[in-house]
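Structure first, commentary second.
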Amino acid sequence: MIIASTPAQLQEALKLLHGDIGLVMTMGALHDGHLSLVEAARKESDHVVVSIYVNPLQFGPGEDFDAYPRDLEADVAKLEGVDVVFAPTDDVMYPRTPLVRIDPGPVASVLEGKTRPTHFAGVLQVVHKVFNIVGPHAAWFGQKDAQQLALIRSMVADLNMPLDIRAVPIKREPSGLAMSSRNSYLSEREKEQALALFRALTVGQRVAHDGGSAAQTLAAARESLAHAPGVKMDYLELVDRDTFMPLTEAGNGLLVCAAWVGPTRLIDNLEVVIG
Ligand code: AMP
């Protein structure tokens, strides 16, 4: 495996490889969720590049940019079968404050974007850059970050970017807790409390499955989360899977939520069919 820390080093490494390149972008602190993306990329690519970069542009003031777990050596040890790891520094990625920015459009200001107003502009900026640096035939993203995935799909479609975007289902702990690098912030007690997110989503899913309306589904899920001890709901909404606009009638929906467990902000989502 080659570890490249600049675009030039990465491109040197890619010259030695023949065939198509699959890309998985991460911020490190790798867990089995990330590795399921790598596995999926390996199945459909001749070679795989994994980027590991904690992108400052996608963190707002007062967020956990400084505290975010970083351990490149431990991450690299987990990346079996990966050809190249791209792990740049901030001065390599942003030698100057970028003058040209990606405008993520209206979907970036709802849900996650309401609480984190500059987040998705920062995400799309780095995703666009890494796509250009690596030139993959396809890139794999987790359904865990459903709104991010939808925005990346929109960027690729609207800007005619020459690659496919593939989605990978959420990998969960046996308890149901969605795997996340931020789970490392949680105490054992908080991990228990954090189960409330998935529980609330499954309550909603059950109501929808039993024939409940959009309003009933949403109300049941919110009721469940609102009463969970140690958990402060940021949002819990029922949205259309593609547009991320509120789903108020029959259709393919996504229950999406964010909540603080102690000082840690977690997100989760679950598909529901209202019908
Ligand atoms: P991150 O390192 O948090 O930026 O995540 C990098 C990629 O891994 C994103 O595409 C995430 O959606 C994906 N990912 C993170 N957690 C999970 C999970 N539990 N299951 C599946 N994919 C995940």
Side-chain angles (χ1 to χ4, degrees), residues 22-45 48-60 63-65 67-72 74-76 78-79 82 85-88 93 104 111-112 116 119-131 134 136 138-156 163-186 191 194-195 197-198 201 241 244 254 256-258 261 264-271:
L23 172 66
V24 174
M25 292 187 62
T26 79
M27 298 203 299
L30 300 181
H31 49 68
D32 283 353
H34 296 115
L35 299 184
S36 68
L37 270 57
V38 172
E39 200 47 49
R42 282 182 64 185
K43 279 195 189 128
E44 294 185 65
S45 314
V48 173
V49 173
V50 173
S51 66
I52 298 181
Y53 179 57
V54 184
N55 171 37
L57 255 54
Q58 69 191 69
F59 289 79
E63 291 187 353
D64 59 344
F65 176 69
Y68 202 85
R70 293 164 171 89
D71 187 346
L72 183 60
D75 286 341
V76 165
K78 292 177 186 157
L79 290 174
V82 168
V85 171
F86 179 50
M93 286 304 270
L111 305 168
E112 280 301 284
R116 310 183 73 191
H119 175 63
F120 288 118
V123 169
L124 293 193
Q125 190 84 18
V126 81
V127 169
H128 191 176
K129 279 171 79 81
V130 175
F131 285 177
V134 176
W140 280 257
F141 291 90
Q143 177 63 29
K144 163 88 181 346
D145 297 276
Q147 195 175 358
Q148 165 179 290
L149 175 63
L151 281 161
I152 291 168
R153 284 193 192 285
S154 293
M155 175 176 75
V156 165
L163 78 163
D164 287 336
I165 301 300
R166 310 269 163 84
V168 178
I170 300 177
K171 188 99 176 169
R172 298 181 180 279
E173 302 287 354
S175 64
L177 180 66
M179 290 185 183
S180 164
S181 302
R182 289 189 170 98
N183 291 352
S184 66
Y185 301 149
L186 302 173
K191 271 189 191 151
L195 289 178
L197 279 78
F198 183 56
L201 299 176
R241 253 176 244 177
F244 271 77
L254 197 64
V256 286
C257 71
V261 180
T264 306
R265 188 170 177 282
L266 300 173
I267 60 171
D268 201 349
N269 66 79
L270 201 61
E271 291 184 352

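Throughout, residue positions are numbered sequentially from 1 according to the sequence presented. Each ligand, and each atom within it, is numbered from 1 in the order the structure gives.
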Check: [Y] and [X] side chains under 4.5 Å, non-hydrogen atoms:
X: Leu266; Y: Asp268; answer: no
X: Met93; Y: Asn55; answer: no
X: Gln147; Y: Val256; answer: no
X: Val38; Y: Trp140; answer: no

Which one of His34, Gln148, His31 has a non-hydrogen atom at the shortest distance from atom 5 (O) of ligand 1?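 Going through His34, Gln148, His31 one by one, His34 has the nearest heavy atom to atom 5 (O) of ligand 1.
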Among Met179, Gln58, Glu173, Met27, which one has a heavy atom closest to atom 19 (N) of ligand 1?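 Checking each option, the heavy atom nearest atom 19 (N) of ligand 1 is found in Met179.
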Have a look at Asp32 and tell me which of Lys171, Glu173, Glu39, Arg172 forms a side-chain contact (heavy atoms from CB on, under 4.5 Å) with it.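 Testing Asp32 for a side-chain contact (heavy atoms from CB on, under 4.5 Å) against Lys171, Glu173, Glu39, Arg172 leaves exactly one candidate, Lys171.
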Criterion side-chain contact (heavy atoms from CB on, under 4.5 Å) against Phe141, the qualifying member of Val168, Val24, Ile165: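 The residue from Val168, Val24, Ile165 that satisfies side-chain contact (heavy atoms from CB on, under 4.5 Å) with Phe141 turns out to be Ile165.
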Please check if the side chain of Asp75 supplies one atom and the backbone of Leu30 the other of a donor-acceptor pair under 3.5 Å.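 Yes; judged by distance alone, with no hydrogens or angles, the pair exists.
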Find all atoms of ligand 1 within a distance of less than 4.0 Å from any non-hydrogen atom belonging to Thr26, and give their numbers and elements.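 Near Thr26, the atoms of ligand 1 are 2 (O), 6 (C).
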In terms of atom number and element, which parts of ligand 1 are under 4.0 angstrom from non-hydrogen atoms of Phe141?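 Once the distances to Phe141 are compared, the set is 10 (O).
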Under 4.0 angstrom from ligand 1, any heavy atom of Met25?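 Flag set, Met25 near ligand 1.
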Nearest heavy-atom pair of Ala87 and Leu72: which atoms, and what distance?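 Taking every non-hydrogen atom into account, CB-CD1, 3.9 Å.
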Could you check whether Arg166 pairs with Glu44 (Lys NZ or Arg NE/NH1/NH2 to Asp/Glu carboxylate O, under 4.0 Å)?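 Looking at Glu44 together with Arg166, the answer is yes, because their closest N to O distance falls below 4.0 Å.
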To the nearest 0.1 Å, how far is [atom] from its closest protein heavy atom, and which atom is that?
atom: atom 21 (C) of ligand 1; value: Pro169 O, 3.4 Å
atom: atom 12 (O) of ligand 1; value: Asp145 OD2, 2.6 Å
atom: atom 20 (N) of ligand 1; value: Lys171 N, 2.8 Å
atom: atom 23 (C) of ligand 1; value: Lys144 CB, 4.0 Å
atom: atom 10 (O) of ligand 1; value: Gly142 N, 2.9 Å

Under 4.0 Å, heavy-atom basis, I'd like to know which part of [X] is in contact with ligand 1: side chain, backbone, both or neither.
X: Gln143; answer: neither
X: Leu37; answer: side chain
X: Ser181; answer: neither

